K.L.:
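Okay, here's the structure, questions in a sec.
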Amino acid sequence: MNNSTIRVRFAPSPTGPLHIGGVRTALYNFLFARKTGGKVILRIEDTDQNRYVSNAESYIIESLNWCGIQFDEDPIKGGPYGPYRQSERKGLYRQYAETLVSRGFAYYAFDSELELEEMRDRLKHEDPSMAQYGPFTRLSMKNSLTLLAEVVQEKLSNCEPFVIRIKIPEKEDIIVHDLIRGEVVVHSHNLDDKVLFKSDGWPTYHLANIVDDHLMKISHVIRGEEWLPSAPLHVLLYRYLGWEAEMPAFAHLPLLLKPDGNGKLSKRDGDRLGFPVFPLQWEDLITREISSGYRESGYLPEAFINILAFLGWNPGTEKELFSMDELIEEFSLERVGRHGSKFDPEKAKWFNHHYIQRMAPEELSLLLTSQIVKHCLTTDPIYTARVCSLIRDRVTLIPDLWNNAWFFFKRPETYNEQVKQKIWKPETTQLVKGFAEEAGRLDVWNKEQLHGLVENYLFSMNAKMGQLMNPLRLLIIGDNQGPGMMETEELLGKEEVLARIRIGMEKING
RNA sequence: GGCCCGUUCGUCUAGGGGUUAGGACGUCAGGUUUUCAUCCUGGUAACAGCGGUUCGAUUCCGCUACGGGCUACCA
């Protein structure tokens with residue numbers, strides 16, 4: 001196949017937030033298209049009126065945008081094969097269903113919901129494998145195969161509700177060629193007469209999907225494994241519509257699984273296990289329930305992409321850190337695995353830590369500044385950048401920036417009581433007082449001078465490093481953690497350090 | 001229940017008829033350090049089971065077990 005004819009699509013349904021499995025599908029489509037010089041299309045499959053969620057489409061687009069997954073054709077910018085929203089293509093689908101009817105590959109069915117239920121209940125006891133609308137049951141139902149032509153005509157002209165069902169062949173092996181799984185053979189006996197066109201005038205996924213993929217000249221269908229069971233139906237549809245020669249190649253991706261236990265990753269797992277399952281925070285407009293997102297939790301989009309890329313794909317080398325450009329360079333469907341992957345939140349954090357470490361202090365400074373502003377404080381960029389280079393090591397997620405740096409922007413209000421109990425000895429007050437006096441006489445205030453001063457002072461007092469530094473740390477930042485004390489003191493400045501020591505001593509000694 | 005897909009360290013995975021079965025995350029132990037982290041070094045740990053093919057199987061085939069998906073006028 002000529003690369004210029006490669007066209008893939010990501011076709012989500014706007015029924016709620018896109019979860020990370022969906023983002024990964026979009027990513028693999030994107031990578032495949034960019035790698036091969038083809039095109040990626042975003043198509044919104046909004047044929048289900050009941051499940052439609054109004055803010056879902058914009059959520060999907062914003063999520064993909066945040067990740068850096070761009071489309072060549074989509075509902076916003078359009079393209080040569082638009083529109084790209086199935087709701088805007090509604091008028092198009094019925095003719096194809098009718099074509100199938102006229103060719104004898106589909107038929108009208110008038111059964112009510114109740115009648116369908118009765119049929120399934122009855123057959124479930126006799127032969128569970130037959131409890132479907134298929135080659136044998138269709139003969140006992142109300143449809144254009146069993147009803148007189150005049151009756152069917154009358155029902156149609158009376159606008160009685162009907163659906164159009166595919167007429168699955170009785171005995172036939174249907175072969176699906178899958179780029180990831182090889183040849184999958186399903187006997188038509190196991191397929192049922194799926195509804196192609198619903199009584200509400202909308203096509204089902206199966207019809208709309210095949211029609212649009214064909215009309216949009218899609219060359220490769222890269223989608224989740226949950227679609228594998230309906231792939232034989234899709235093959236049949238291409239055949240019956242006369243499009244088998246241009247049928248796209250299929251690639252069914254393995255699913256993303258829960259980190260613990262079993263089953264595919266779901267919305268609930270995030271809340272339960274404390275990690276986001278959505279790229280962006282999502283608010284359910286009806287329940288007002290909020291689900292956390294990777295963006296809001298402090299992940300970098302580059303890291304997020306890297307994490308997702310490695311859930312089901314690997315380059316075959318030991319390299320694990322990949323930029324989007326590198327992923328495009330290395331990606332291939334051949335290296336996509338066959339089995340589902342359990343999502344590992346710990347490894348996700350590790351990726352993000354790496355990406356944070358790679359950022360320049362000036363870039364981190366921008367992120368920290370926005371947090372500083374949120375706490376109603378101000379700062380200057382140079383000072384903030386210096387703070388960032390000091391604390392970067394201990395930052396994994398963006399909010400860690402503030403959590404590790406706040407004391408560079410305001411004085412501590414409390415002093416960790418546990419730490420105080422542990423390190424504050426009877427002689428500590430004198431030791432600190434003496435140090436503060438000597439520090440006050442220091443002309444040049446930097447970490448080298450401070451270091452010299454501390455060493456001399458400790459020698460003269462016959463004391464150890466920890467005896468002074470731990471109390472000092474408690475006084476200056478209120479806790480027993482953080483970057484090196486000399487560096488911290490240098491950055492804070494002489495006046496501020498001495499002031500904090502004075503205030504802290506008053507509070508601690510009561 | 002039926003159909004389909006899958007199964008290498010706890011997790012993500014490499015590999016593939018003969019390997020000390022490799023890497024990463026985690027974990028454990030040391031080291032660095034004024035603290036907490038980071039970081040560095042090292043260790044731990046896997047071919048689901050049973051048959052077959054073969055000189056030889058984790059690798060190929062079959063069965064079983066287990067896991068997953070689908071089984072709607074949802075996608």
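Because the structure is predicted, anything quoted here is derived from the model rather than measured. All chains are named by letter (A, B, ...) in the order of the sequence lines, taking the proteins before the strands, and each is independently numbered beginning at 1.
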K.L.:
Between B:U44 and B:C28, how far is it from one C1' atom to the other, in whole Å?
P.N.:
7 Å
K.L.:
Could you tell me whether A:Ser230 contacts a base, only the sugar-phosphate backbone, or nothing, with contacts defined as non-hydrogen atoms closer than 4.0 Å?
P.N.:
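No contact.
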K.L.:
Side chain of A:Arg394 only, please: which of B:C73, B:G22, B:A37 is the nearest?
P.N.:
B:A37
K.L.:
Can you measure A:Leu256 atom CG to B:U11 atom P for me and round it to whole angstrom units?
P.N.:
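Nearest whole value for this atom pair: 15 Å.
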K.L.:
Checking all strands, does A:His353 fall into the base, sugar-phosphate, or nothing category for heavy-atom contacts under 4.0 angstrom?
P.N.:
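Contact class for A:His353: sugar-phosphate only.
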K.L.:
Tell which nucleotide pairs with B:U53, taking only Watson-Crick or G-U wobble pairs whose two distances are both under 3.5 angstrom.
P.N.:
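Base-paired to nothing in any strand shown.
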K.L.:
Measure the distance from CG on A:Asp213 to P on B:A75 and round it to the nearest whole Å.
P.N.:
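Those two atoms, CG and P, are 15 Å apart.
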K.L.:
Which base sits across from B:G1 as a Watson-Crick or G-U pair, both distances under 3.5 Å?
P.N.:
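Base partner found: B:U71.
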K.L.:
How is A:Val163 classified with respect to the nucleic acid when contacts are heavy atoms under 4.0 Å: base, sugar-phosphate, or nothing?
P.N.:
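Base, at least one base heavy atom under 4.0 Å.
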K.L.:
Going by purine N1 to pyrimidine N3 plus the second Watson-Crick contact, or the G-U wobble pair, all under 3.5 Å, which nucleotide sits opposite B:U41?
P.N.:
B:A29
K.L.:
Is there a Watson-Crick or G-U wobble partner for B:C66 with both distances under 3.5 Å, and which nucleotide is it?
P.N.:
B:G6
K.L.:
What's the CZ-P distance between A:Phe197 and B:C74, to the nearest Å?
P.N.:
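It works out to 12 Å between those atoms.
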K.L.:
What do you reckon, are the aromatic ring centroids of A:Phe275 and A:Phe343 less than 6.0 Å apart?
P.N.:
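Here the rings of A:Phe343 and A:Phe275 have centres that are less than 6.0 Å from each other.
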K.L.:
Give me the distance, rounded to whole Å, that separates B:C3 from B:G43 when you measure between the C1' atoms they each carry.
P.N.:
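One C1' to the other, the span is 47 Å.
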K.L.:
Within the 4.0 Å heavy-atom criterion, would you say A:Asp111 contacts the bases, only the backbone, or no part of the nucleic acid?
P.N.:
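Since a base atom lies under 4.0 Å of A:Asp111, the category is base.
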K.L.:
Taking the minimum atom-to-atom distance to the side chain of A:Asp48, which one of B:C74, B:C12, B:G69 wins?
P.N.:
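Output: B:C74.
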K.L.:
What is the nucleic acid contact for A:Tyr205, judged by heavy atoms within less than 4.0 Å: base, sugar-phosphate only, or nothing?
P.N.:
base
K.L.:
Of all the choices, B:C73, B:G22, B:C70, which nucleotide is nearest to the side chain of A:Lys264 once you look at every atom?
P.N.:
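That would be B:C70.
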K.L.:
Aromatic ring centroids of A:Phe322 and A:Phe310 under 6.0 Å?
P.N.:
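Between A:Phe310 and A:Phe322, which both carry aromatic rings, the centre distance is below 6.0 Å.
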K.L.:
Mind calculating the distance between CE (A:Met141) and C1' (B:C73) to the nearest angstrom?
P.N.:
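Those two atoms, CE and C1', are 13 Å apart.
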K.L.:
What is the distance from CG of A:Asp344 to P of B:U27, rounded to the nearest Å?
P.N.:
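Rounded to the whole Å, the gap is 10 Å.
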K.L.:
Which whole number of Å gives the distance between the C1' atom of B:G49 and that of B:G22?
P.N.:
26 Å
K.L.:
Counting heavy atoms from C-beta on, name the nucleotide in B:C12, B:C4, B:C73 closest to the side chain of A:Lys342.
P.N.:
B:C12
K.L.:
Return no unless some side-chain N or O of A:Ser341 is found under 4.0 Å from OP1 or OP2 of B:U13.
P.N.:
yes
K.L.:
Between B:U34, B:G69, B:A75, which nucleotide has the shortest distance from any of its atoms to the side chain of A:Met486?
P.N.:
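Closest nucleotide to the A:Met486 side chain: B:U34.
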K.L.:
With a 4.0 Å cut-off on heavy atoms, is A:Asn480 in touch with a base, just the backbone sugar-phosphate, or nothing at all?
P.N.:
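Counting heavy atoms under 4.0 Å across all strands, the contact made by A:Asn480 includes a base.
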K.L.:
Would you mind telling me which residue lines up with the more 5' stretch of RNA chain B, A:Glu346 or A:Glu225, judged by nearest nucleotide?
P.N.:
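In this pair, the answer is A:Glu225.
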K.L.:
Quiz question: by atom type and distance under 3.5 Å, do the side chains of A:Asn352 and A:Tyr294 form a donor-acceptor pair?
P.N.:
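No donor-acceptor contact under 3.5 Å links the two side chains.
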K.L.:
Taking the nucleotide of RNA chain B with the closest heavy atom to each, which residue, A:Asn190 or A:Gly484, is nearer the 5' end?
P.N.:
A:Asn190
K.L.:
Measure from the side-chain heavy atoms of A:Glu320 and tell me the nearest of B:A37, B:A75, B:A24.
P.N.:
B:A24
K.L.:
Between B:A37 atom P and A:Leu401 atom CG, what is the distance in whole Å?
P.N.:
19 Å
K.L.:
Under a 3.5 Å distance rule, please check whether A:Tyr28 uses its side chain to pair with a backbone N or O of A:Ala309 as donor and acceptor.
P.N.:
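Pair found, side chain donor or acceptor close to backbone of A:Ala309.
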K.L.:
Find the distance A:Arg120:CZ to B:U71:C1' and express it as a whole number of Å.
P.N.:
10 Å
K.L.:
Can you find a heavy atom in the side chain of A:Leu265 that is under 4.5 Å from one in the side chain of A:Leu257?
P.N.:
no
K.L.:
Tell me if the side-chain of A:Lys194 makes a donor-acceptor pair with the base of B:A72, cut-off 3.5 Å, by modelled atom types.
P.N.:
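It does not, because no donor-acceptor pair links the side chain of A:Lys194 to the base of B:A72 below 3.5 Å.
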K.L.:
If you check the A:His339 side chain, which of B:C12, B:C4, B:U7 turns out closest?
P.N.:
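Output: B:U7.
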K.L.:
For the side chain of A:Lys198, counting heavy atoms from C-beta on, which of B:G69, B:C74, B:U11 is nearest?
P.N.:
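In terms of side-chain proximity for A:Lys198, the closest of B:G69, B:C74, B:U11 is B:C74.
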K.L.:
C1' atom, B:G10 versus B:A46: distance in rounded Å?
P.N.:
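Here B:G10 and B:A46 have their C1' atoms 10 Å from each other.
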K.L.:
Looking at B:U34, B:C70, B:G10, which one has an atom nearest to any side-chain atom of A:Glu487?
P.N.:
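Out of B:U34, B:C70, B:G10, the nucleotide with an atom closest to A:Glu487's side chain is B:U34.
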K.L.:
Using the P atoms only, state how far B:U53 lies from B:G26, rounded to an integer number of Å.
P.N.:
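Comparing P positions in B:G26 and B:U53 gives a spacing of 46 Å.
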K.L.:
Just checking A:Thr204: base, sugar-phosphate only, or nothing, at a heavy-atom cut-off of under 4.0 Å?
P.N.:
sugar-phosphate
K.L.:
Of all the choices, B:G6, B:A75, B:A24, which nucleotide is nearest to the side chain of A:Glu45 once you look at every atom?
P.N.:
B:A75
K.L.:
Using a heavy-atom cut-off of 4.0 Å across all strands, would you classify A:Pro483 as base, sugar-phosphate, or nothing?
P.N.:
base
K.L.:
Taking the side chain as C-beta and beyond, is there a heavy-atom pair between A:Tyr84 and A:Arg89 under 4.5 Å?
P.N.:
no
K.L.:
Could you measure between the two C1' atoms, the one in B:G1 and the one in B:U13, and give it in whole Å?
P.N.:
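Nearest-Å result for B:G1 against B:U13 at atom C1': 35 Å.
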K.L.:
Remember a base hit wins even if backbone is also touched, and classify A:Arg392 as base, sugar-phosphate or nothing at under 4.0 Å, heavy atoms.
P.N.:
nothing
K.L.:
Round to the nearest Å and state the distance from A:Trp227 atom CH2 to B:A75 atom P.
P.N.:
8 Å
K.L.:
Cationic tip of A:Lys155 within the cone over A:Phe110's six-membered ring, i.e. under 6.0 Å and within 45° of the normal?
P.N.:
yes
K.L.:
Give me the distance, rounded to whole Å, that separates B:U32 from B:C40 when you measure between the C1' atoms they each carry.
P.N.:
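Pairwise C1' distance, B:U32 against B:C40, rounds to 8 Å.
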K.L.:
Between A:Phe351 and A:Lys349, is there a cation-pi geometry (under 6.0 Å to ring centre, at most 45° from the normal)?
P.N.:
no
K.L.:
Report yes if a donor N or O on one partner sits less than 3.5 Å from an acceptor N or O on the other, where the partners are the side chain of A:Arg473 and the base of B:U34; otherwise report no.
P.N.:
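Between B:U34 and A:Arg473, which were checked side chain against base, a qualifying N/O pair under 3.5 Å is present.
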K.L.:
Has the side chain of A:Arg181 got a donor or acceptor that lies under 3.5 Å from a partner of the other kind on the base of B:C5?
P.N.:
no
K.L.:
Find out whether the Lys NZ or Arg CZ of A:Arg138 is both under 6.0 angstrom from the six-membered ring centre of A:Phe136 and within 45° of the ring's axis.
P.N.:
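Because its charged atom misses either the 6.0 Å distance or the 45° angle limit, A:Arg138 does not stack over A:Phe136.
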K.L.:
If the P atom of B:G42 is compared with that of B:G62, how far apart are they to the nearest Å?
P.N.:
43 Å
